[in-house]
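Before any comments, here is the structure.
Chain A is the first sequence line, chain B the second, and so forth, proteins listed ahead of strands; every chain is numbered from 1. The analysis underlying the following values was restricted to heavy atoms, covering all of them including side chains, and did not include hydrogens, waters or symmetry mates. Since we're looking at a predicted model, the values are computed, not measured.
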2 protein chains.
Amino acid sequence: MTAVSEPLSKARLRVWLKLLKTSNGIEAEIRRNLRDRHNTTLPRFDVMSALARFPEGLKMSDLSTYLKVSNGNVTGIVDKLTEEGMAQRVAVPGDKRAQVARLTEKGKTEFENLASHHENWIDTLLDGLSLEDLETLSDTLERVLAQSTEKERADA
Amino acid sequence: MTAVSEPLSKARLRVWLKLLKTSNGIEAEIRRNLRDRHNTTLPRFDVMSALARFPEGLKMSDLSTYLKVSNGNVTGIVDKLTEEGMAQRVAVPGDKRAQVARLTEKGKTEFENLASHHENWIDTLLDGLSLEDLETLSDTLERVLAQSTEKERADA
DNA sequence: TGGTAATATTTTAAGTTTGAAATTTTAGAC
DNA sequence: GTCTAAAATTTCAAACTTAAAATATTACCA
């Protein structure tokens, strides 16, 4: 570490800690709202959100990759959603190993309700940011994202 | 929701998802590095980091509040660090209920080593951000933080 | 066709985290 | 002084997550 680059690396560290604090703070608020107001959890919401984005359904393994959680974890969450009639498993024609998870009509309705509230929570939490702020922030994050996903590939 | 504010709330939602993805990506990289290169975990690093910031030690409950994890969780992590000689519990004079956790010399040395690597990882991950980027990002996050900590107080 | 490797998922065991109960000690009211 | 409420910590049970083993099926090559 050179004397010149030192302040920059300290500044980066401080910003990372602030970014983490912000992200954790928002996530905690969402978890609280989901638990207290809708009697559900973030992992369940995440799965429903992924399934809503792919109406034709997602293979269990694709769901796991998409959400970056383990296969076993997805199995458990989809099990619960299925018990409650929110999701269903559909056999994949021509491959008896695979199953596709998809939302039921009930699940779709429930998710749309949750998603609408979720959008409002975020809207309130990011109240202070203008369109211009959002664009700048988005660009900045994009650059960081590029770096960290590059790292990810190198580690794998 | 009015027609005019609708695009703004969608933009906020997209930015939140990107912020979350960025934060999770960096955190995952840090966890990987701690595990693969230093045989430790993020929660342990967080506790050591908090104790390093307060050389005189922190009460278990203060540690819990500071890190925003449960009391029981802190007990377990400090137990392990103590077993390994990284931390120690010190009785608080005048209050037999309370104990202060602090780093041992060994723990301090170990943390300084970890922290130095950690700073380098962050430095690399935030490579693409100039001092100006960092300042703008910091200001933006500050505004969001103000909002979410306000929410937090309202919920509690 | 047979056999081996690869793929998809579930099951299992171990480790984390939490919230609440239990334990011990302190503070304050009367 | 005694009693009760509050405070600090630990213990405990339940929920969640992961990595790896187990199971079932498919793909491919020889």
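Between the CG atom of L67(B) and the C1' atom of dT9(D) there is a distance of 16 Å, rounded to whole Å. For L81(A) and dC16(D), the CG to P distance is 11 Å, given to the nearest whole Å. The nearest whole Å value for the distance from the CZ atom in R44(B) to the P atom in dT17(C) is 12 Å. Straight-line distance from the CG atom of L42(B) to the C1' atom of dT17(D): 15 Å, rounded to whole Å. In this structure, CZ of R31(A) is placed 16 Å from P of dA15(D), rounded to the nearest angstrom. When rounded to the nearest whole Å, the span between CG of L63(B) and C1' of dT10(D) equals 15 Å. Rounded to an integer number of Å, the gap from CZ of R35(B) to P of dT16(C) is 12 Å. Straight-line distance from the CD1 atom of I77(A) to the P atom of dA15(D): 14 Å, rounded to whole Å.
For the pair R44(B) and E110(B), the salt-bridge criterion is not met [side-chain N within less than 4.0 Å of a carboxylate O]. Salt-bridge annotation for D139(B) and K18(A): absent, with no side-chain N of the basic residue lying under 4.0 Å from a carboxylate O of the acidic one.
Two residues, G94(A) and K68(A), neighbour DNA chain D, and the one matched to the more 5' nucleotide by heavy-atom proximity is K68(A). For K96(A) and P43(A), each mapped to the nucleotide of DNA chain D holding its nearest heavy atom, the one lying further toward the 5' end belongs to P43(A).
In the hydrophobic clustering, where aliphatic and aromatic side chains (Ile, Leu, Val, Met, Phe, Trp, Tyr) are joined below 4.5 Å either directly or transitively, L145(A) stands alone. Hydrophobic cluster of V92(B): the remaining members, joined at side-chain heavy-atom separations below 4.5 Å, are V100(B), listed by chain and number.
Relative orientation of the H38(A) and W121(A) rings is tilted, given thresholds of 30° and 60° on the angle between their planes.
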Listed pairs, N/O of protein and of nucleotides 9-14 of chain C, under 3.5 Å:
residue: dT9(C); atom: OP1; partner: M60(A); partner atom: N; Å: 3.2
residue: dT9(C); atom: OP1; partner: Q99(A); partner atom: N; Å: 3.0
residue: dT9(C); atom: OP1; partner: Q99(A); partner atom: O; Å: 2.8
residue: dT9(C); atom: OP2; partner: S61(A); partner atom: N; Å: 2.6
residue: dT9(C); atom: OP2; partner: S61(A); partner atom: OG; Å: 2.5
residue: dT10(C); atom: OP1; partner: R89(A); partner atom: NE; Å: 3.0
residue: dT10(C); atom: OP1; partner: R89(A); partner atom: NH2; Å: 3.3
residue: dT10(C); atom: OP1; partner: Q99(A); partner atom: OE1; Å: 3.4
residue: dT10(C); atom: OP2; partner: T75(A); partner atom: OG1; Å: 2.8

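The CG atom of L114(B) sits 6.5 Å away from the CG atom of L34(B) when rounded to the nearest 0.5 Å.
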